[in-house]
Amino acid sequence: QVQLVESGGGLVHAGGSLRLSCAASGRAFSSYAMGWFRQAPGKEREFVAAINWSGDRTYYAESVKDRLTISRDNAKNTVYLQMNSLKPEDAAVYFCADKLGYSRVEIMKEYRYWGQGTQVTVSS
């Protein structure tokens with residue numbers, strides 16, 4: 001059974017930073033690409049960032065490019081999302097998910113397993 005557990009969410013002022021973590025267990029973490037998505041109240045879940053199995057390829061939504069950075073540590077079975085210069089519109093529940101291959105990484109249906117999410121709140 002694959003498990004993905006997010007952590008690191010919280011309340012931060014606009015302009016502040018947070019680092020989210022997603023710990024994986026139950027299968028070979030390093031074989032899978034990983035993605036971060038987010039869902040704000042009343043909105044659909046949207047793609048944020050993705051990273052390939054080795055960590056040398058990343059892809060970002062335009063709205064977060066240059067402010068958020070995805071990375072992974074395969075030795076720790078963990079993927080991270082460093083969030084800088086946070087804006088009120090970044091407030092959402094953030095989810096990590098895994099997928100085979102590194103194509104169509106912005107498509108939610110391409111992902112297999114999902115974590116339960118971690119809340120990020122940004123005050124203005």
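Tyr80 places no side-chain N or O within 3.5 Å of a backbone atom of Thr69 that could act as its donor or acceptor partner. Remark: the backbone N or O of Trp53 is paired with a side-chain donor or acceptor of Asn74 at under 3.5 angstrom.
Sequence neighbours left out, not one pair with a member in residues 30-93 passes disulfide (SG to SG under 2.5 Å). Note on residues 51-80: no pairs pass disulfide (SG to SG under 2.5 Å), not counting sequence neighbours. Under the salt bridge (charged side-chain N to carboxylate O under 4.0 Å, His left out) criterion, no residue pair touches residues 4-14, with sequence neighbours excluded. Within the structure, no pair that satisfies the disulfide (SG to SG under 2.5 Å) test touches residues 25-64, not counting sequence neighbours. Within the structure, disulfide (SG to SG under 2.5 Å) pairs that include any residue of residues 11-96 comprise Cys22-Cys96 (at least two apart or interchain). Screening residues 73-83 for salt bridge (charged side-chain N to carboxylate O under 4.0 Å, His left out), with sequence neighbours left out, gives no hits.
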Enumerate donor-acceptor pairs with a distance under 3.5 Å from any side-chain N or O in residues 39-52 to protein atoms, sequence neighbours excluded.
from  : atom 1 : to    : atom 2 : distance (Å)
Gln39 : OE1    : Arg45 : NE     : 3.4
Gln39 : OE1    : Arg45 : NH2    : 3.4
Gln39 : NE2    : Lys43 : O      : 3.1
Glu46 : OE2    : Arg38 : NE     : 2.6
Glu46 : OE2    : Arg38 : NH2    : 3.2
Asn52 : OD1    : Gly55 : N      : 3.0
Asn52 : OD1    : Asp56 : N      : 3.0
Asn52 : OD1    : Arg57 : N      : 3.0
Asn52 : ND2    : Ser54 : OG     : 3.3
Asn52 : ND2    : Asp56 : OD1    : 2.7

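Heavy-atom minimum distance, Ser17 versus Gln82: CB-NE2, 4.0 Å. Across all their heavy atoms, Leu68 and Tyr60 have their closest contact at O-CE2, 3.1 Å. In terms of heavy-atom proximity, Trp36 sits nearest to Ser21 at CH2-O, 3.7 Å. In plain terms, the two heavy atoms of Ala14 and Pro88 that are nearest each other are CB-CD, 4.2 Å. Residues Arg67 and Asp90 come closest through the heavy atom pair NH1-OD2, 2.7 Å.
Residues satisfying the side-chain contact (heavy atoms from CB on, under 4.5 Å) criterion with Val120, sequence neighbours excluded, are Leu18, Leu20, Met83, Tyr94, Val122. Every residue two or more places apart in sequence or in another chain that forms a side-chain contact (heavy atoms from CB on, under 4.5 Å) with Ser123 is listed here: Leu11, His13. Considering only residues two or more places apart in sequence or on other chains, Gln119 meets the side-chain contact (heavy atoms from CB on, under 4.5 Å) condition with Val93, Thr121. With sequence neighbours excluded, no residue forms a salt bridge (Lys or Arg N to Asp or Glu O under 4.0 Å) with Arg19.
To the nearest 0.5 Å, atom OH of residue Tyr111 and atom CD of residue Glu106 are 8.0 Å apart. Expressed to the nearest 0.5 Å, how far CD1 of Ile107 lies from NZ of Lys99 amounts to 9.5 Å. To the nearest 0.5 Å, the span separating CD on Glu89 from OG on Ser124 amounts to 10.0 Å. Distance check, rounded to the nearest 0.5 Å: CZ of Phe29 to CG of Asp98 gives 8.5 Å.
The hydrophobic cluster containing Ile70 also contains Val64, counting ILVMFWY residues as joined when their side-chain heavy atoms lie under 4.5 angstrom apart, directly or transitively. The hydrophobic cluster containing Tyr59 also contains Phe37, counting ILVMFWY residues as joined when their side-chain heavy atoms lie under 4.5 angstrom apart, directly or transitively.
Within a 6.0 Å sphere centred on CZ of Arg112, heavy atoms belonging to other residues, nucleotides or ligands number more than 12. Few gaps surround CD on Gln116; more than 12 heavy atoms of other groups in view lie less than 6.0 Å from it.
Contact of the Thr118 side chain with the Ser7 side chain is not registered, since no non-hydrogen atoms from C-beta on lie closer than 4.5 Å. Side-chain contact check for Trp114 versus Met108: some heavy-atom pair is nearer than 4.5 Å.
Think of Leu100 as one node in a network of Ile, Leu, Val, Met, Phe, Trp and Tyr side chains linked at under 4.5 Å; its network also takes in Tyr32.
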